[in-house]
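Reading through the structure tokens given below for one structure.
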Amino acid sequence: MVELDSPCKVNLVLNILGRRADGFHELETLMLPVPVHDRLRFAEAPSGIELTCSDSRLPVDGSNLVHRAASAFLAQAGISKGVAIHLEKRIPMAAGLGGGSGNAATTLLGLNRLFDSVLSGESLNRLAQGLGSDVPFFLQDKPALAVGRGEQVRSLAPFSTLQGCGLLLVHPGFGISTPWAYQQLARFPQVLRGQPGRAQQLADALQAGRLADVGGLLFNSLEAPALEKYPILGLYQDRLSKAGALGRLMSGSGSSTFALFAKPDVARKAEVDFKNTFTACWTAVVTL
Ligand code: C5P
């Protein structure tokens, strides 16, 4: 049996550069792994893929990314045995935190461990790309700069500037569909054609220890449609700034917002203030 944590992420920068002929969007993104985890357990079974999940709202059939990852892995590795997988869900869904993508990548890594590293890293990466744009990021555990549709990942050294900072995640209790968010960009032509360089600029600032510059360099093109449809997310941002955040931003295609604080205890105070102000469904504070 193999048991693994499945982390989430925030996008410190998500800069859309244009629409592609294949319907996806060309982008550059600076992604940070966040230690809020789901947990996955893998065991061999006589045949088939038997998936169970702690959250009954999540389908456990072939539409689940974990199921699809397991199926792709077994086919690629030519394994005729089956697997039993249990998913303990803690990361909110449709939240822009990459929970499902992380689960898919963790499934590839977990099954490869269960079956004695039958597939190479390169082969896992190819499978990950086929499962979703964010999945390859989760095959590694460092901050990364990703380009293309997000699947071309360059790992970066952990940002020592952020070490010891507090990160507050807040989720409003409703999700935002990723295809919806991207489709809306057609109504925001300026946002649809961002100037490249923002992701590298923030990576440079972090690598040079310029923590005070981080807030001004956080950027997400997908905020435009999300803040228009859900003004509450703008109110969240104002409140988090007033509570002393160095910066705050919606993550991915939403609906989560993250806020960065110089110290975890300031982040925890902001969490209490936030919960007293809004009836948010879910919050978490982590020390980076
Ligand atoms: O790759 P993934 O399955 O996460 O993408 C979900 C949807 O998000 C795509 O079908 C597409 O509508 C949109 N998307 C996009 N451009 C990207 C990533 C995702 O348009 N770079």
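Along the sequence shown, residues are numbered consecutively beginning with 1. In what follows, every heavy atom counts, from backbone to side chain, and hydrogens, waters and symmetry copies are set aside. Small disclaimer: the values here were computed from a predicted structure and weren't measured. Ligands are counted one by one from 1 in listed order, and the atoms in each one are counted from 1 as well.
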Identify all side-chain donor-acceptor contacts of residues 90-112 below 3.5 Å with residues at least two apart in sequence or on another chain.
unit_1: Arg90; atom_1: NH1; unit_2: His37; atom_2: O; d: 3.2
unit_1: Asn103; atom_1: OD1; unit_2: Lys89; atom_2: NZ; d: 2.8
unit_1: Asn103; atom_1: ND2; unit_2: Ser6; atom_2: OG; d: 2.9
unit_1: Asn103; atom_1: ND2; unit_2: Asp38; atom_2: OD2; d: 3.2
unit_1: Asn103; atom_1: ND2; unit_2: Gly99; atom_2: O; d: 3.3
unit_1: Thr106; atom_1: OG1; unit_2: Ser6; atom_2: OG; d: 3.3
unit_1: Thr106; atom_1: OG1; unit_2: Gly102; atom_2: O; d: 2.7
unit_1: Thr107; atom_1: OG1; unit_2: Asn103; atom_2: O; d: 2.7
unit_1: Asn112; atom_1: OD1; unit_2: Val118; atom_2: N; d: 3.2
unit_1: Asn112; atom_1: OD1; unit_2: Leu119; atom_2: N; d: 2.9
unit_1: Asn112; atom_1: ND2; unit_2: Leu119; atom_2: O; d: 2.9

Handout entry: Arg248-Ser241 side chain donor-acceptor pair, cut-off 3.5 Å
Key = yes
Handout entry: Cationic N near anionic O, under 4.0 Å, Lys263 to Asp265
Key = no
Problem - Side-chain heavy-atom pair Leu211, Leu162 within 4.5 angstrom cut-off - result: yes
Exercise for the section: Using heavy atoms and a cut-off under 4.0 Å, could you grab the residues that are in contact with ligand 1, chain by chain, numbers ascending? Expected result: Gly23, Phe24, His25, Leu27, Gly132, Ser133, Arg149, Thr178, Pro179, Tyr182
Exercise for the section: Output yes when Glu3 and Arg39 qualify as a salt bridge under the 4.0 Å nitrogen-oxygen rule, no when they do not. Expected result: yes
Problem - Considering all heavy atoms, the nearest Ala284-Val36 contact - result: CB-CG2, 4.3 Å
